Q: 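Before we start, here is the structure in question, set down as structure tokens.
Labels below follow one simple rule: chain letters A, B, ... track the order of the sequence lines, proteins then strands, and each chain is numbered from 1. If you're wondering where the values come from, they're calculated on a predicted model, not measured in any experiment.
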Number of protein chains: 2
Amino acid sequence: MTHIYSKYPKHYLAVDCIIFGYDIAEKELKLLLIKRSFEPALGQWSLAGGFVQENESLDDAAGRVLCTLTGLSDLYMEQLYTYGETKRDPGARVISTAYFALIGIHELDPEINKKNGAHWRSISSLPELIFDHRVMVDRALKELVEKVKVYPVGFELLPEKFTLVQLQNLYEAIYLRNVDKRNFRKKILSMELLDKQDEKERETSKKGAWYYRFNVEKYRELARNGFFFNLAVS
Amino acid sequence: MTHIYSKYPKHYLAVDCIIFGYDIAEKELKLLLIKRSFEPALGQWSLAGGFVQENESLDDAAGRVLCTLTGLSDLYMEQLYTYGETKRDPGARVISTAYFALIGIHELDPEINKKNGAHWRSISSLPELIFDHRVMVDRALKELVEKVKVYPVGFELLPEKFTLVQLQNLYEAIYLRNVDKRNFRKKILSMELLDKQDEKERETSKKGAWYYRFNVEKYRELARNGFFFNLAVS
DNA sequence: ATTTTAAATGTACTATATACACTTCTAGTT
DNA sequence: AACTAGAAGTGTATATAGTACATTTAAAAT
């Protein structure tokens, strides 16, 4: 007996991951891209992707792709959009769900990258990407800008301990504009979500800059009570 | 010769549409739901959906489903989220991309609804829905609330001509809270996007309320120059 | 003429966002 | 020991936007 749905066509389904990182030294937002080692489009740059298997959800598939590539699990990850144009992949019709992920570059072993053909590339000078991957990246960038305004996701791109200067530089790299130092500090500190550490970062200045940590528990507690994170600039 | 992707599994792909309408008289947000006339889940309530065909994009599929159901094309429509849990449909593994659409209830011929088994149901008293459709609706509702704050999409739910009272009632129905009449009017009128008509709505009061029209061209022009629509309330 | 009902209107206050420049700290140099 | 250099750190005044709030106006019905 044929299945009730059997008169409908089936499709290849993929996930593609837009993986953001932030380079503290260069003060630049980066993307983890793959130099393809297989056809079609061998040798060209692409997002990390993979086909959705029978027994895994979309989220699982994206998590698997991310974990295979980075060796990391429990990354910040979010579904972005599903791209379903019939001709988007010249190899065959493939529908692809894009995910964006945020990872601290420091967490990632450069050896793993080498092994996987993965490279961090600056947002400001991206190579040409295959298929509609550039469209995905542009959407992810927009989403990231909106997201960091009202959710404390920027911290995912920094190490556990970070300075206010580093945090501000990150926001400037995402917003692509300068932010007033005093207003930025006033705003973030007034939320009382950052715990000042007894330790200074001493690489970039003689004076040194105090380390802070983002207090996730406190944020969750406040958010439950209707608190809204906000670091938007106009 | 087998195709390069042939080692990967294929999947059923569907679209489901969360169709919002607004009842001016009842001042209530509504959803267009289907009483299923086929298995699985015959007789239960569901969103309007359909399978994605070989030769159509996801957007096309959603447009087709909407058009089949309502007889209307060029509806306001937007991709919402893709649901890919393996067991979400008990009939078979089906990945579904949810779209939300906004339509003016007045535009829709009640006869077409009858023919299609479609019914407008109040958001405040929705029946139980099949599969994960309730989850889709909840996400769409959240999205709608955020959307009407910063984009002029609420007008899609009203007739061409509407009064400020009707517009405010719509926002109150979406926000699920009362809004100050004077502040609301001040805000929307200061944007100078509404063209006052020489005609009054006379059904609901002796005095009558002036009709307005939303000026799309003006909005587009302003938006190009960095203007941001905003009818958020805190 | 009076009543009734919903539409229409303005101002004072509060909170948030923005603009802006000097002082502090400390390692390295003289 | 004093000086220099370079980045970290800090406060206030102004402008803008958000909020709270009550009376008048219009017109149909009696």
Q: In this structure, how many angstroms lie between the C1' atom of D:dA26 and the CD atom of B:Glu201, rounded?
A: 14 Å
Q: Where the side chain of A:Ala209 is concerned, which of C:dT9, D:dG9, C:dA6 is the nearest nucleotide?
A: D:dG9
Q: Find the distance B:Arg202:CZ to C:dA7:C1' and express it as a whole number of Å.
A: 11 Å
Q: B:Leu189 CG to C:dA7 P: how many Å, rounded?
A: 15 Å
Q: Does atom OH of A:Tyr219 have more than 12 heavy-atom neighbours from other groups under 6.0 Å away?
A: yes
Q: D:dA27 base to B:Lys207 side chain: any donor-acceptor pair below 3.5 Å?
A: no
Q: Quick one: A:Lys206 NZ to C:dC25 C1', roughly how many Å, whole number?
A: 11 Å
Q: When you measure from the centre of the six-membered ring of A:Trp45, is the NZ or CZ of A:Arg36 under 6.0 Å away and within 45° of the axis?
A: no
Q: Could you state the atom-to-atom distance from CZ of A:Phe184 to C1' of C:dT16 in whole Å?
A: 17 Å
Q: Do you know which of B:Ile174, B:Val153, B:Leu144 makes side chain to side chain contact (heavy atoms under 4.5 Å, CB included) with B:Phe20?
A: B:Leu144
Q: Under 3.5 Å, is there any donor-acceptor pair linking the side chain of A:Lys186 to the base of C:dT18?
A: yes
Q: Take the protein atom NZ of A:Lys200 and the nucleotide atom C1' of C:dT26, then report the distance between them rounded to whole Å.
A: 8 Å
Q: Return the value, rounded to whole Å, for the distance between atom CZ of A:Arg185 and atom C1' of C:dT24.
A: 13 Å
Q: How would you label the contact of A:Thr163 with the nucleic acid (heavy atoms, under 4.0 Å): base, sugar-phosphate, or nothing?
A: nothing
Q: Which whole-number value in Å describes the distance from B:Asn183 CG to C:dT11 P?
A: 14 Å
Q: Between B:Gln79 and B:Thr97, does any side-chain donor sit less than 3.5 Å from a side-chain acceptor?
A: no
Q: Do the side-chain N or O atoms of A:Arg182 get closer than 4.0 angstrom to the phosphate oxygens (OP1, OP2) of C:dC20?
A: no
